[in-house]
S.K.: 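Pasting in a structure now, in structure tokens, and then I'll have a few things to ask.
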Protein chains: 4
Amino acid sequence: MYGETAMTIQETGAARPAGRPRSEKAEKAIIDATLDLLSEGMGISDLSIEAIASKAGVGKTTIYRRWSNKEDLVVDALSTLKAPLPPLAGTSVRDDLISLLDAMRQEAGNQRNRCVMNIAMSEADRYPQLLERFVKRAVEPRRQALRDVIERGIASGELRADLDVGMGVAILSGAMLWHSKWGPAGDLPADLAERVVDAALAGIAP
Amino acid sequence: MYGETAMTIQETGAARPAGRPRSEKAEKAIIDATLDLLSEGMGISDLSIEAIASKAGVGKTTIYRRWSNKEDLVVDALSTLKAPLPPLAGTSVRDDLISLLDAMRQEAGNQRNRCVMNIAMSEADRYPQLLERFVKRAVEPRRQALRDVIERGIASGELRADLDVGMGVAILSGAMLWHSKWGPAGDLPADLAERVVDAALAGIAP
Amino acid sequence: MYGETAMTIQETGAARPAGRPRSEKAEKAIIDATLDLLSEGMGISDLSIEAIASKAGVGKTTIYRRWSNKEDLVVDALSTLKAPLPPLAGTSVRDDLISLLDAMRQEAGNQRNRCVMNIAMSEADRYPQLLERFVKRAVEPRRQALRDVIERGIASGELRADLDVGMGVAILSGAMLWHSKWGPAGDLPADLAERVVDAALAGIAP
Amino acid sequence: MYGETAMTIQETGAARPAGRPRSEKAEKAIIDATLDLLSEGMGISDLSIEAIASKAGVGKTTIYRRWSNKEDLVVDALSTLKAPLPPLAGTSVRDDLISLLDAMRQEAGNQRNRCVMNIAMSEADRYPQLLERFVKRAVEPRRQALRDVIERGIASGELRADLDVGMGVAILSGAMLWHSKWGPAGDLPADLAERVVDAALAGIAP
DNA sequence: CCCTAACCGAGACGGTACGTCTCGTCTTGAC
DNA sequence: GTCAAGACGAGACGTACCGTCTCGGTTAGGG
């Protein structure tokens, strides 16, 4: 029926553009290649569009058609990374904090995450969008999860009533961050999260 | 005096080479230019010998004659940076910890230090020498100073007897590091060190 | 009527293919655009299918559906050019030669012809089909016309009996060609054909 | 002696520029590669700087440093070609004309010359400098040589007193040009020059 | 009177070459 | 032997077309 077609057009709000549609496969290949190269330890400036195109098996045009510069591509590529938060049992604040911090520990052991972290921390000054987006997508959710657990603990009496929530977040996350950056070389010990939480709790608890 | 000459030869281990001596002025200009460029937010890969030479008003040869590659130059340049530890009163552990952490806070407010920190943290994977040297010169002295104060506190009873010293370092340094990286934008608040120490002490203290 | 259909099939030698017939308008537009671009001084290699399609208001597919490569298109396009020979009075050999050569002179003044000539002469090595077709359609008829007049002149006694016809053609055409290529800049003088013929006749005549 | 140096500088009129001098070897390799590629039948538009650089074993920069565009390079490259005129016996006008025309015939047999000729004739419209230079260096000397011989012939009575010198040049050169372009395929016959001269003389002579 | 098959335009695809830029190395005359 | 200047080969940049491919949408005859 004609009506249907008309409705569809109305519903989408815009006619499909003429010509061959852009290939989703190519788009995915480009993003993957970008992340692969970044994971190999390349910085953003070492990353060349030519290398991405070559690794993705794609023409340079296909990249430039979608992103007008390298930063936009990197921002989009990093945005596709999923960083799911662990499920929280909700039974005790201590257990939940350990879950959250242990998730951080495991993420720090993954090469791709390490590189993303490095890039976000070091190249942030030059690529402000990148930092903004990274904070919004990766940092803030974790910070908020920690904050929620801490606030829950304060309410339930498991944590001190006068605790500065932000300071609690800083101490817990900071200790993990410090260990992953400046601690002894090699993988972080499996019980690190537990030890950090206990050390912090000893003070945070009333 | 004959002694002087002999000693000089002995000390240098070789006779002064023939030809025009290398210009110390050029060397200094190169190091300065390198640090300036790094301070402007450049990563190591963005840093080009050409730019350094141009900024230093020096030929490229003059650089390559002294350092065989960029990493060596950067390592040397960063090594010239002084990072003196603050004097410690030694009266109370709390005051000493605040002194140390507040020194970190002030350093984090300096653009040049921030860049050095960024580079050390993010480009370490690609330039292992750099990390090694940075840890040895900048991280380890601070870590040791903190460790000393904490151990003194344990001995004096100001800190818990069963405190894991490394964990104490991680919590204190980590909280500062976290604030400087992921805390609210802008300069760190002047009382941050005090608040961090008090929050940590509340638990570290018996 | 069945007869008509049968005849049509017989005449065309094949059944009309199914589907939408090719647009004659598009075909004409493509040929025109091609000739226009060539007339603007483009060489064959400068000539791009994209430019032709754009100028003709046609998709590239529509061109490639008809000609498998640029050379085929150019050959067809140039083949559509008409190059009528002037009518010959037939009264005197001298007058007929002047007519033929003056037609050459006028053609040399036309931009489109100049370009076709240039292309035929310069790109012939690379596009052998093109040369072959051009010689057959443009050069040979003129050569033959000249030859006919000369042979008529020999038969009538207006030209030397022992004249090498090919050499006569070469001298007459060559002199015109030379003037149009290497003579003084600007249009060829109106009396050029007459002067060439007279100069040649002075020797060709017995 | 200091004086010598000073004089040298004075003599050259300019101090030698600082820095590494441009490599004559590279310059020669570029010219050679250009001529080679043109000789392979390439037109100017098919000729790519990248191909020249690759064939010459040279960076593209080295080409662009010397010539700002392709035309300039081609003009210079073609200018290096020598096209010596044959020595003229000077005994008889007929022999000298045959010498000159036979030199043309031999040049037409050389692949490199054919290409240069094609380029000069066909791409002249687009590259005016090229035509100008080619006429000055290649066409004009030959035209002048022919003119000299013809004028000598007129003076000595070997040629008609009322002969239009320009027309004589056009007839003689044009006949050769015609044969090389539109005559039967393959090499020009060895006695062509003689036959052309005799055919022309039969009329040019009184 | 729709079905169907080839046509049409538009435009994305993987490539190649462009002319520019900057890299790290090499080569020169002056000091 | 060191210095600056600057040419060198290499190769990435972003752009322009190449010839091919895939879309949604015409045509027009034959069922």
S.K.: Do Val116(B) and Leu38(B) come within less than 4.5 Å of each other through their side chains, counting heavy atoms only?
M.R.: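 Contact flag for Val116(B)/Leu38(B) side chains = no.
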S.K.: May I have the distance from Lys70(B) (atom NZ) to dC23(E) (atom P), rounded to whole angstrom?
M.R.: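 After rounding, the reported distance stands at 9 Å.
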S.K.: Under 4.0 Å: is that the gap between some side-chain N or O of Ser48(B) and OP1 or OP2 of dC23(E)?
M.R.: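 Indeed, a polar side-chain atom of Ser48(B) lies that close.
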S.K.: Check the distance between dC8(E)'s P and Glu27(C)'s CD and give it to me in whole angstrom.
M.R.: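 To the nearest whole Å, that distance equals 9 Å.
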S.K.: Given dC13(E), dG19(F), dG14(F), which nucleotide is nearest the side-chain atoms of Tyr64(C)?
M.R.: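 Looking only at heavy atoms from C-beta outward on Tyr64(C), the closest nucleotide is dG19(F).
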S.K.: Is a donor-acceptor pair below 3.5 Å formed from side chain Thr61(A) to base dA12(E), judging by atom type as modelled?
M.R.: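 By the distance-only test, no, there is no pair.
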S.K.: On a heavy-atom basis, which atom in Arg66(D) and which in Ala26(D) lie closest, and how many Å separate them?
M.R.: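 The answer is NH2-CB, 4.5 Å.
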S.K.: Does dC13(E) have OP1 or OP2 sitting under 4.0 Å from an N or O in the side chain of Arg66(A)?
M.R.: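 Affirmative; the distance criterion is met.
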S.K.: Determine the minimum heavy-atom distance between Ser79(C) and Arg133(C), stating which atoms define it.
M.R.: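 Nearest pair, atom of Ser79(C) first, then Arg133(C): OG-NH1, 3.0 Å.
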S.K.: Could you check how far CZ of Arg22(A) sits from P of dA10(E), rounded to whole Å?
M.R.: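 Atom-to-atom, Arg22(A) to dA10(E), this comes out as 17 Å.
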S.K.: Picking from dT2(F), dA7(F), dG24(E), which would you name as closest to the side chain of Arg65(D)?
M.R.: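 Comparing dT2(F), dA7(F), dG24(E) against the side chain of Arg65(D), the answer is dA7(F).
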S.K.: For DNA chain E, whose closest nucleotide is more 5', that of Gly59(C) or that of Leu47(B)?
M.R.: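 Checking each residue's closest nucleotide, the 5'-ward one belongs to Gly59(C).
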S.K.: Could you tell me the separation between the CD1 atom of Ile63(B) and the C1' atom of dT25(E), rounded to a whole number of Å?
M.R.: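 It is 13 Å, rounded to the nearest whole Å.
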S.K.: Measure from CG on Asp72(D) to P on dG19(E) and round the result to the nearest Å.
M.R.: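 These atoms are roughly 12 Å apart.
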S.K.: Check whether Gln129(A) reaches the backbone of Asp72(A) with its side chain - one donor and one acceptor, N or O, closer than 3.5 Å.
M.R.: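 Pair absent, no side-chain N/O of Gln129(A) close to backbone of Asp72(A).
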S.K.: Return whichever of Ser68(C) or Lys60(B) has its heavy-atom-nearest nucleotide of DNA chain F closer to the 5' end.
M.R.: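 Comparing both residues, the 5'-ward one is Lys60(B).
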S.K.: In whole Å, what is the span from the CH2 atom of Trp67(A) to the C1' atom of dA12(E)?
M.R.: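 That distance rounds to 14 Å.
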S.K.: Measure from CG on Asp46(D) to P on dC17(F) and round the result to the nearest Å.
M.R.: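 Taking CG of Asp46(D) and P of dC17(F), I get 16 Å after rounding.
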S.K.: Please give, in whole Å, the distance from dC26(E) P to Glu50(B) CD?
M.R.: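 It is 15 Å, rounded to the nearest whole Å.
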S.K.: Please check if the side chain of Lys60(C) supplies one atom and the backbone of Ala53(C) the other of a donor-acceptor pair under 3.5 Å.
M.R.: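 Such a contact is absent between Lys60(C) side chain and Ala53(C) backbone.
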S.K.: Compare every heavy atom of Lys55(A) with every heavy atom of Asp36(A), then report the nearest pair and how far apart it is.
M.R.: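 Shortest heavy-atom contact: CB-CE, 3.5 Å.
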S.K.: Would the distance check show the side chain of Ser54(A) and the main-chain N or O of Glu50(A) forming a donor-acceptor pair, the cut-off being under 3.5 Å?
M.R.: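 No, because the side chain of Ser54(A) does not come within donor-acceptor range (under 3.5 Å) of the backbone of Glu50(A).
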S.K.: Give the angle between the helix axes at the two ends of the helix from dC1(E)-dG31(F) to dC31(E)-dG1(F), taking five base pairs at each end and rounding to 10°.
M.R.: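 So the angle between the two local helix axes works out to 10°.
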S.K.: Which residue lies toward the 5' end of DNA chain E, Thr62(C) or Arg20(D), if each is placed at its nearest nucleotide?
M.R.: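 That would be Thr62(C).
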S.K.: If each of Ile49(A) and Ile49(C) is mapped to the nucleotide of DNA chain F with the nearest heavy atom, which maps nearer the 5' terminus, i.e. the 5' end?
M.R.: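 Of the two residues, Ile49(A) wins.
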